[in-house]
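Reviewing the structure listed below.
Chain A is the first sequence line, chain B the second, and so forth, proteins listed ahead of strands; every chain is numbered from 1.
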Protein chains: 2
Amino acid sequence: MYQKKIERTLDCGVVLTKEVLHGKWKSTLLHFIARDVRRPSDLQRAIPSATRRVLNLQLNELEQHGLVSKTIFPQLPPKVEYHLTRLGESLLPVIEAMEQWGNEHRATLEPLLAATPRSASEPAG
Amino acid sequence: MYQKKIERTLDCGVVLTKEVLHGKWKSTLLHFIARDVRRPSDLQRAIPSATRRVLNLQLNELEQHGLVSKTIFPQLPPKVEYHLTRLGESLLPVIEAMEQWGNEHRATLEPLLAATPRSASEPAG
DNA sequence: CTGGATCCATTGTGATACTG
DNA sequence: CAGTATCACAATGGATCCAG
């Protein structure tokens, strides 16, 4: 059977943080929620490259991990708001450090990332 | 004038940073290289949960993205060293923020992550 | 000691359609 | 407006073997 003993490589704090931030849009979601973009439709607008489905998926995980909390207003039309929990807020320094670094080095990074479409080399023929 | 709409969502610095940090061990690798663990075999020892293959894979990407540089000493036995570039060093605040956050909230996170369906395995003894 | 190749299981993400 | 189910594919990561 293909099963590997799950080691707690969590000896390194980085791994722990990565676990929580794992997911293409989670940190962006956190970033925007922190900036008062709290409703799903607004988040969707803020992150048009992601689909509603994926956004919901990651929002759910964020909620499970205790980083955001979800408030449902039982009304018509339905209204939902996400907001950061204490734990989520404590993560903001990390998120904002990422935001800042990304913005600062954008000029350097974009060409590099464009040149690395997830694959270094391709079989020649 | 044509407006080159960037569909890459790179409008958000976080996404850029995530791209670069994408990969299970990359940030851990960066973390250890910054702490003078520079040779592949030492990195392997530092991160036993990862295989050599994956470590190499991610080291390569890190190099392609200009975060680390690789020095090959043409000798016997072969010797290789990775070290952070300026760009890689500039990322350290982010890495260390992750390290710190992870360590600080470990007690809170571990049970949460264990309860996550993603690793729905039997409890690791 | 170093790095790569192949094979393969698991996960993440996206498109679409449907429900309330 | 909000959220989920299903299907499909790409990407990630791991085991093992091969090569300098």
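- As judged by a 4.0 angstrom heavy-atom cut-off over every strand, B:D42 is placed among residues making no nucleic acid contact.
- For C:dG4, the OP1/OP2 oxygens have a side-chain nitrogen or oxygen of B:N60 closer than 4.0 Å.
- Distance CZ (B:R38) to P (C:dT2): 14 Å, rounded to an integer number of Å.
- One can place CD of B:Q44 at 12 Å from C1' of D:dG14, the figure rounded to the nearest angstrom.
- Shortest non-hydrogen contact noted between A:G66 and A:T85 is O-OG1, 2.5 Å.
- Rounded to whole Å, atom P of D:dA2 lies 9 Å from atom CG of A:N56.
- At a threshold of 4.0 angstrom between heavy atoms, the contacts of A:K70 are confined to the sugar-phosphate backbone, with no base atom among them.
- The nearest whole Å value for the distance from the CG atom in B:L55 to the P atom in C:dC1 is 14 Å.
- Judged by distance alone, the side chain of A:K24 and the main-chain N or O of B:K18 form no donor-acceptor pair under 3.5 Å.
- In this structure, B:L59 atom CG and C:dC1 atom P are separated by 16 Å, rounded to whole Å.
- Taking atom CG of residue B:L76 and atom C1' of nucleotide C:dG3, one finds them 15 Å apart after rounding to whole Å.
- Scanning both residues, B:E99 and A:G13, for their nearest heavy atoms gives OE1-N, 3.0 Å.
- In this structure, B:R106 and B:P111 approach most closely via the heavy-atom pair O-CD, 4.3 Å.
- Distance CZ (B:R52) to P (D:dG13): 17 Å, rounded to an integer number of Å.
- In this structure, CD of B:E61 is placed 10 Å from C1' of D:dT12, rounded to the nearest angstrom.
- When the side-chain nitrogen and oxygen atoms of A:Y82 are compared with OP1 and OP2 of D:dA2, none of them lie within a distance under 4.0 Å.
- Note on A:R39: only backbone sugar-phosphate atoms sit closer than 4.0 angstrom, heavy atoms only; bases stay farther off.
- The cationic atom of B:K70 (NZ for Lys, CZ for Arg) does not lie both less than 6.0 Å from the six-membered ring centre of B:Y82 and within 45° of the ring axis.
- No donor-acceptor distance shorter than 3.5 angstrom exists from the side chain of A:E81 to the backbone of A:R39, with no hydrogens or angles considered.
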Look for any protein N or O under 3.5 Å of an N or O in nucleotides 13-20 of chain C and output each such pair with its distance, or none.
| unit_1 | atom_1 | unit_2 | atom_2 | d |
| --- | --- | --- | --- | --- |
| C:dT13 | OP1 | A:K24 | N | 2.3 |
| C:dT13 | OP2 | A:Q58 | NE2 | 2.6 |
| C:dG14 | OP1 | A:K24 | NZ | 3.4 |
| C:dG14 | OP2 | A:W25 | NE1 | 3.3 |
| C:dG14 | N7 | A:R53 | NE | 3.3 |
| C:dG14 | N7 | A:R53 | NH2 | 3.4 |
| C:dG14 | O6 | A:R53 | NH2 | 3.1 |
| C:dA15 | N6 | A:R53 | NE | 3.2 |

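- With hydrogens and angles disregarded, no donor-acceptor distance shorter than 3.5 Å links the side chain of A:E63 to the backbone of A:V68.
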